[in-house]
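Some notes on the structure that comes next.
Below, chains carry the letters A, B, ... as their sequence lines are ordered, and counting in each starts from 1.
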Protein chains: 2
Amino acid sequence: MGVIETAIDTIKQMIIDGELRPGQKLPVEKNLAEQLGVARNTLREAVRALVAMRVLQTRQGDGTYVTSLSPDLLLDGMSFVADIHLDAGAGEFLHVRRILEAEATALAATRIPDADLVRLGDLLDEAETVAACDPVDHEKLIALDQDFHALIASHCGNAVLAAVIQNMSGRTVRARIWRGMSDPEAVHRTLREHRAVHRALLARDSERARLHAALHVLGVEESLTVPRAFEGEAARG
Amino acid sequence: MGVIETAIDTIKQMIIDGELRPGQKLPVEKNLAEQLGVARNTLREAVRALVAMRVLQTRQGDGTYVTSLSPDLLLDGMSFVADIHLDAGAGEFLHVRRILEAEATALAATRIPDADLVRLGDLLDEAETVAACDPVDHEKLIALDQDFHALIASHCGNAVLAAVIQNMSGRTVRARIWRGMSDPEAVHRTLREHRAVHRALLARDSERARLHAALHVLGVEESLTVPRAFEGEAARG
DNA sequence: CCATTCATATTCATCGGATCAATTGGAGTT
DNA sequence: AACTCCAATTGATCCGATGAATATGAATGG
């Protein structure tokens, strides 16, 4: 194994062993390099790899720190995975997202605070307003869609589940799905499905919420996989 | 944004845009650095970050290549996330794994070839043999357990789902769970649950397979979360 | 003509040092 | 006590050199 890989694993192990704790500052590059027996440039490449994994964070003029190591932080590299597989594997990602989002929505039905239920309604109101404008602001719709799903997932009571869902469909994938909805009817169908999920949550009905969430993601899946000849039929609602 | 981050994103974007395809060789470090307008050391740190993400692969004396970019490759960084959260978040990871593994097992019931059903049986026979020995070889049991679940997941028909499951419980987590089973009865219970999943798969019964898979992971969850005072009761089977 | 061996070129791996830039913290001033 | 400003600290970036692994093609032997 190369010197850099060894250095990476050493730092990783120090974290797993609790020798390095979240938020803790690492020794300065010069000293740490000496401690690990490598050159400063070599250490920097190891640190850079860990920064890419969101395990470490560097601040020029200050130092290098261990991040919070929270699951949502460490799992956000998955977005890129989803993004580069948006051609062949988008359907597979969506399938996983359907499974997880159905469960998370069901869990959230009994946990989401009333205040956030109101906020969900506000998001939907705003989305419908945007969708009604003539030059539809797709970027705004994408952001509102992401907020809607993220807010629900964040109240499922499982940070790991929320993080995986959040990153399962990367920004590029989400953007592409919405951009593919040139048909205004498809946009309205999506908004209706969001409303259905919202109503189920308002009723604190886990099973209804689960079904509507699954159906919603399934609709997106089918809009991507159904052959063009049948798209009109599939998108009718 | 720093020079290195820019270089990383540029290479990423070249891949997303299809400018760089899986398996393709990158220009030599000197040229690529010049092309991106950075020093060679800086480019190396960017490349190193992408290697850590399993996006690029370097071979000394040969060159730097784009990997296959397959989901199972790119998602395997999650193992480390699971490993460092084995204290606080092991239960949350297992919950996600329960959801996904139940679905994957149900899907596999109608897809796994007969030959691999036989192989699953062989794995269970071997595990029971190992468990019967006096100095139980826990390492061997861990490996057989991993093979059992991986083989099922690989036949769910969704590479992304299989990859997420495979990496949801890292090696360290899995090892810790098995090592926690000092009670021989807990080991036997696990093996019985594996047998039940196997029988459901043999019957090609998706719903039975789903239930047994979920129950199996749930058993592991509870063995970790139930207070010590109740462990004996919880582990009785 | 084919297979093997071996020298050489190519390429990444690692190293050491130098300079730039951002942040911090304390000295000095008001 | 609050503010300003400068110097020390620290990471960011660059440069050049050497080592190590691989590929390539020429030379060799069958």
Side-chain angles (χ1 to χ4, degrees), chain A residues 1-15 19-69 73-74 76-77, chain B residues 1-15 19-69 73-74 76-77:
Chain A
M1 190 165 49
V3 177
I4 295 179
E5 279 76 13
T6 305
I8 293 174
D9 287 344
T10 302
I11 297 175
K12 268 185 174 179
Q13 200 58 46
M14 287 168 73
I15 293 174
E19 200 169 332
L20 285 176
R21 302 203 153 276
Q24 189 174 336
K25 185 176 181 177
L26 271 66
V28 297
E29 286 183 345
K30 185 174 177 298
N31 293 353
L32 186 54
E34 189 176 346
Q35 177 181 335
L36 298 181
V38 300
R40 203 170 87 100
N41 258 324
T42 305
L43 172 69
R44 275 189 62 80
E45 292 192 28
V47 169
R48 179 59 56 177
L50 291 168
V51 167
M53 296 183 222
R54 305 287 194 272
V55 171
L56 298 181
Q57 178 191 6
T58 59
R59 292 195 312 191
Q60 188 177 188
D62 186 1
T64 303
Y65 298 82
V66 181
T67 68
S68 67
L69 299 177
L73 195 65
L74 271 58
D76 82 343
Chain B
M1 189 164 48
V3 178
I4 294 179
E5 280 75 13
T6 304
I8 292 175
D9 287 345
T10 302
I11 297 175
K12 267 187 174 179
Q13 199 58 45
M14 287 167 72
I15 293 174
E19 201 170 330
L20 284 176
R21 301 200 154 277
Q24 188 173 336
K25 185 175 180 177
L26 272 67
V28 297
E29 287 182 344
K30 184 174 178 297
N31 293 352
L32 186 55
E34 189 175 348
Q35 177 182 334
L36 297 182
V38 301
R40 188 170 157 253
N41 253 324
T42 306
L43 172 69
R44 274 188 62 80
E45 292 192 27
V47 168
R48 178 61 55 181
L50 291 167
V51 167
M53 297 184 219
R54 305 287 194 271
V55 171
L56 298 181
Q57 179 190 4
T58 60
R59 291 196 313 188
Q60 187 177 185
D62 185 1
T64 303
Y65 298 82
V66 180
T67 68
S68 66
L69 298 178
L73 194 67
L74 271 58
D76 83 341

Any A:Thr64 side-chain N or O less than 4.0 Å from OP1/OP2 of D:dG11 = yes
What is the distance from NZ of A:Lys25 to P of D:dT10, rounded to the nearest Å?
-> 6 Å
Sugar-phosphate only, base, or nothing, as touched by B:Arg40 at under 4.0 Å among non-hydrogen atoms | base
What are the bounds, 5' to 3', of the part of DNA chain C that sits under 4.0 Å from heavy atoms of chain B?
-> C:dT10 to C:dG16
Return no unless some side-chain N or O of A:Arg44 is found under 4.0 Å from OP1 or OP2 of D:dA12.
-> yes
Distance-only, no hydrogens or angles: does the B:Gln35 side chain make a donor-acceptor pair with backbone N or O of B:Leu32 under 3.5 Å?
-> no
Side chain to side chain contact (heavy atoms under 4.5 Å, CB included) between B:Val47 and B:Leu50, worked out | CA-CA 5 Å; B:Val47 168; B:Leu50 291 167; 5.7 Å; no
Please state how far atom CD in A:Glu45 lies from atom P in D:dA12, giving the value in whole angstrom units.
-> 13 Å
Atom CD of B:Glu29 to atom C1' of D:dA21: distance rounded to whole Å?
-> 14 Å
note: B:Leu36, atom CG; D:dC14, atom P; distance rounded to Å ~ 11 Å
Where each residue is assigned the nucleotide of DNA chain C containing its nearest heavy atom, which of A:Arg59 and B:Val28 is assigned the position nearer the 5′ end?
-> B:Val28
Think B:Thr42 has a side-chain N or O under 4.0 angstrom from the OP1 or OP2 of D:dC14?
-> yes
Side chain of B:Thr67, backbone of B:Leu56: donor and acceptor closer than 3.5 Å?
-> no
Without swapping roles, check the side chain of B:Thr6 against the backbone of B:Gly2 for a donor-acceptor pair under 3.5 Å.
-> yes
Touch check for B:Asp62, heavy atoms < 4.0 angstrom, all strands: base, sugar-phosphate only, or nothing?
-> sugar-phosphate
Only counting residues at least two apart or in another chain, list the ones meeting side chain to side chain contact (heavy atoms under 4.5 Å, CB included) with A:Glu34.
-> A:Lys30
Under 3.5 Å, side chain of B:Lys25 to main-chain N/O of B:Asp62, donor-acceptor pair present?
-> yes
Report the distance from atom CG of B:Asn41 to atom C1' of D:dG16, rounded to the nearest whole Å.
-> 10 Å
